[in-house]
Amino acid sequence: MQGLPGCVESFSPASVDGRTGSFDQALPRMGAVSRGDVQGEAGPFVEGYAPDYASHYGRREEGLKVGYGEGLSSRRGKGENKSMGRERGMGADGPVEPGDARRHGNDPDAVRLNEGDAGAGMRTEGDGPRAGRDLREQRDQAGSGAGGRDADGWNLPTKYLPGVESRDLPEPLSLRKIVGASVIILATALGSGELIIWPYITSQVGIGLLWLAMVGFTMQYFLNMEIERYTLATGETAVTGFTRFWKPWGMIFVLGAILPNAWPGWATGGATLLSYVFGLAEGAVPVLAAIALVAFALALTLSPVVYQVLEKIQMVLVAVIVVFLVMAIVVATDLGVWTGIVTQAPSGVANFPSFLGQLGIATLLGAIAFAGAGGANNLTQSNYVRDKGLAMGQRMPKVVSPITGEEEARASLGYTFPTTEENMRRWRGWWKVANQEQILVFYIIGVLTLIGLSVLTFTALGRETGVEGDFTFLQRVAAGLGDRIGTWFQYFYLIAGTVILFSTSLGVMDYVARLTASELKVSYFRRSERVTESRIYFAAAWLIAILGSLILLAGFQQPLVLLIISASGGGVVMALYSVMLIVLNTRALPQPIRLKGWRLYVMAVTAVFFLFFSVLLVYDVFMTNLLGG
């Protein structure tokens, strides 16, 4: 209420005492008012409970309808109250003079929102209409500050971001309705580890090391589920959760997405394979890649709801890839190669030190890390399950086109839920179906695709050392398959490779823009109604497309420093967020849903691996490329 500085403007029952909404229990927490200030002869301060009420800004909010002009009765008595109201024109929106406020024990200069409000814990009353926006963003959660857990065990830090309110979890959906939440991250993963890195490794050392790819995929499955855990519970992205502990985390992970993908490599790769198909000159590659980048930006930014269109596109592309792979396995591969995955695994373990020396630390350990998505890409699984509408994600705003969609200005700050028996039943349903979807789409299809493409490569080339692991390597694989099966299959492979690389390029553009938009809005523009998450996404996607096209058309070569960042940056980013996921999901969430038990041990091993991997990789890459060691 603008007219009562020092009091809580509005609140929901959940923000008062966690569940019951008892106003009496709220009084000790309000601090700035006493019961005598709240209810006197003139009538009750709280006029009544209602699902919605009209606040003094004319907006509908959840909570209690708070009366002021007639309801406030001070210790001065009924008559003086009426006189004061008439003289000042006090109605529901009427002001209070500073002296009167102080005589009632209220601070006229500040309104306390919650125990851990965005740093200082106070907001000045002089903000005027902005207070309504602040209130929507800085929703109270009693006891949820940095100092301790609330009654349900939630402990979302509020030093850098506002507290949140409590809502019930939505009812869980069936697996059939949520399949697709992992298809985008799968499509993005196919172009790196599945198509290039692991088939290249197989051509160098044989199929005895493919078990390591399964180790990499397994670690990424657990990483993805911990990323999903926080979003399912709160609706916030994992990076927003990290930002609650330390504000720079948001920009660190945004840079971790941008820097390794600053060069439009995947679009260039898809255009290169397409030039092989049609026999085009090398000069056509930059033009084709630029056309692809612009087409991707148009598809993403003209979609009414970006996620829905992106999911449909990637599902079609993944379906094409799977059909190709099934046909290729039947037509082109030998049973002996498949059985060798198992029979040659022991020798792969025994010869691991020599393989490490042959391939190099960067290639081998990088392949383990990027068996799957890798780098900052995994973090956007939060955004995908949120936009898919899983659990608390149903309550969050979606990224839409500023041109064709209906935007929401609010930042993606989430909710908690009371740990009642009913909500825990819903949580178990969501957790079960989310795990099933991730195992089916990301893990099973991803592993089978990686192994299938590696076996196909080994069938075509056998062990062929000394080959460069770039896009010309794929041309050699296509030629080998053409010699073995026929020319038609050579072109079939090149077309499938083009689809894979373009799907990766589309996914990379989306995830970089999505991660950037989400974290900039939450951390730096959450009070702005003009700078929305959708508009930041729109700008970021077009910036990627335009700058990438200009770089390609100008004929620039990728600088050495970007090669180094691309090779080592993803592993460092994974090391950082694997540790932060453990911190987030053990400290911020209540005991019934937090990370614990055997999953905690798996996450600890994963974090240690990526820390070790990132140190070795950075050392190897920088020593080799910068110091010549």
Side-chain angles (χ1 to χ4, degrees), residues 176-192 194-195 257 261 264-271 273-274 277 288-325 372-373 377-378 380-390 393 398-405 437-438 440-442 445-446 449 494-518 533-534 537-538 540-546 548-549:
R176 180 181 60 83
K177 291 183 178 180
I178 72 162
V179 165
S182 301
V183 74
I184 300 174
I185 195 172
L186 171 65
T188 308
L190 292 177
S192 54
E194 283 79 343
L195 181 65
N261 297 292
W266 303 118
T268 303
L273 295 193
L274 198 60
V277 173
L288 292 174
I291 292 173
L293 289 173
V294 172
F296 297 155
L298 285 171
L300 293 176
T301 57
L302 293 180
S303 309
V305 178
V306 175
Y307 173 83
Q308 294 176 1
V309 173
L310 181 64
E311 181 189 284
K312 289 180 175 64
I313 293 173
Q314 297 289 41
M315 273 191 167
V316 171
L317 296 180
V318 169
V320 170
I321 295 165
V322 170
V323 168
F324 156 75
L325 196 57
N377 193 0
N378 298 72
T380 51
Q381 187 64 12
S382 277
N383 303 76
Y384 297 141
V385 300
R386 183 189 72 184
D387 282 10
K388 183 70 174 179
L390 273 66
K398 305 294 188 289
V399 176
V400 302
S401 169
I403 300 173
T404 62
E437 196 271 345
Q438 178 76 189
L440 173 64
V441 177
F442 177 78
I445 297 179
T449 302
L494 290 173
I495 292 171
T498 301
V499 171
I500 291 173
L501 291 173
F502 278 152
S503 72
T504 298
S505 181
L506 174 63
V508 167
M509 179 182 288
D510 171 77
Y511 102 72
V512 173
R514 193 177 292 268
L515 187 60
T516 301
S518 175
E533 184 174 339
S534 296
Y537 177 92
F538 184 97
W542 276 104
L543 190 63
I544 293 169
I546 293 172
S549 299

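- At least one donor-acceptor pair under 3.5 Å links the side chain of T188 to the backbone N or O of I184.
- By the salt bridge (charged side-chain N to carboxylate O under 4.0 Å, His left out) test, R386 is found to be paired with E533, residues two or more places apart in sequence or in another chain being considered.
- Rounded to the nearest 0.5 Å, atoms OG1 (T268) and CG (L288) are 10.5 Å apart.
- Residues forming a side chain to side chain donor-acceptor pair (under 3.5 Å) with S182 (at least two apart in sequence, or on another chain): Q381, E437, Q438.
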Side chain to side chain contact (heavy atoms under 4.5 Å, CB included) evaluation trace for V183 with F442
CA-CA 7 Å; V183 74; F442 177 78; over 6 Å; no
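- Once rounded to the nearest 0.5 Å, the distance linking CD1 of I495 with CG of L273 reads 10.5 Å.
- Contacts of N383 classified as side chain to side chain donor-acceptor pair (under 3.5 Å), with partners at least two apart in sequence or in another chain: none.
- Here the CG atom belonging to L543 is positioned 12.0 Å from the CZ atom belonging to F538, to the nearest 0.5 angstrom.
- Taking each heavy atom of G446 and L186 in turn, the nearest pair found is CA-CD1, 3.7 Å.
- Between G180 and E311, the shortest heavy-atom distance links the atoms O-OE1, 3.5 Å.
- The CD1 atom of I500 sits 4.5 Å away from atom CD1 of I321, with the distance rounded to the nearest 0.5 Å.
- Annotation for T449 and I445: closest pair OG1-O, 2.7 Å, computed over non-hydrogen atoms.
- From I178, atom CD1 reaches atom NZ of K388 across 8.0 Å, with rounding to the nearest 0.5 Å.
- Legend: residues meeting side chain to side chain donor-acceptor pair (under 3.5 Å) with Q314, ordered by chain and number and at least two apart, are absent.
- Contact of the V512 side chain with the N377 side chain is not registered, since no non-hydrogen atoms from C-beta on lie closer than 4.5 Å.
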So N261 and Y511, side chain to side chain contact (heavy atoms under 4.5 Å, CB included) or not? Walk me through it.
CA-CA 10 Å; N261 297 292; Y511 102 72; 2.9 Å; yes
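- Applying the salt bridge (Lys or Arg N to Asp or Glu O under 4.0 Å) test to every pair with at least one member in residues 498-515, sequence neighbours left out, gives these pairs: D387-R514, D510-R514.
- What you find for A299 and I313 is that their closest heavy atoms are CB-CD1, 4.3 Å.
- F502 has its side chain out of reach of L317: every pair of non-hydrogen atoms, C-beta onward, lies at least 4.5 Å apart.
- Heavy-atom minimum distance, A513 versus I544: N-CD1, 4.3 Å.
- Residues V294 and W542 meet the side-chain proximity criterion, which asks for heavy atoms closer than 4.5 Å.
- Residues passing the side chain to side chain donor-acceptor pair (under 3.5 Å) test with N378, sequence neighbours excluded: Q220, N224, Y577.
- The OG atom of S503 lies 10.5 Å from the CG atom of L310; values are rounded to the nearest 0.5 Å.
- Residues T498 and G270 approach most closely at CG2-O, 3.5 Å, considering heavy atoms.
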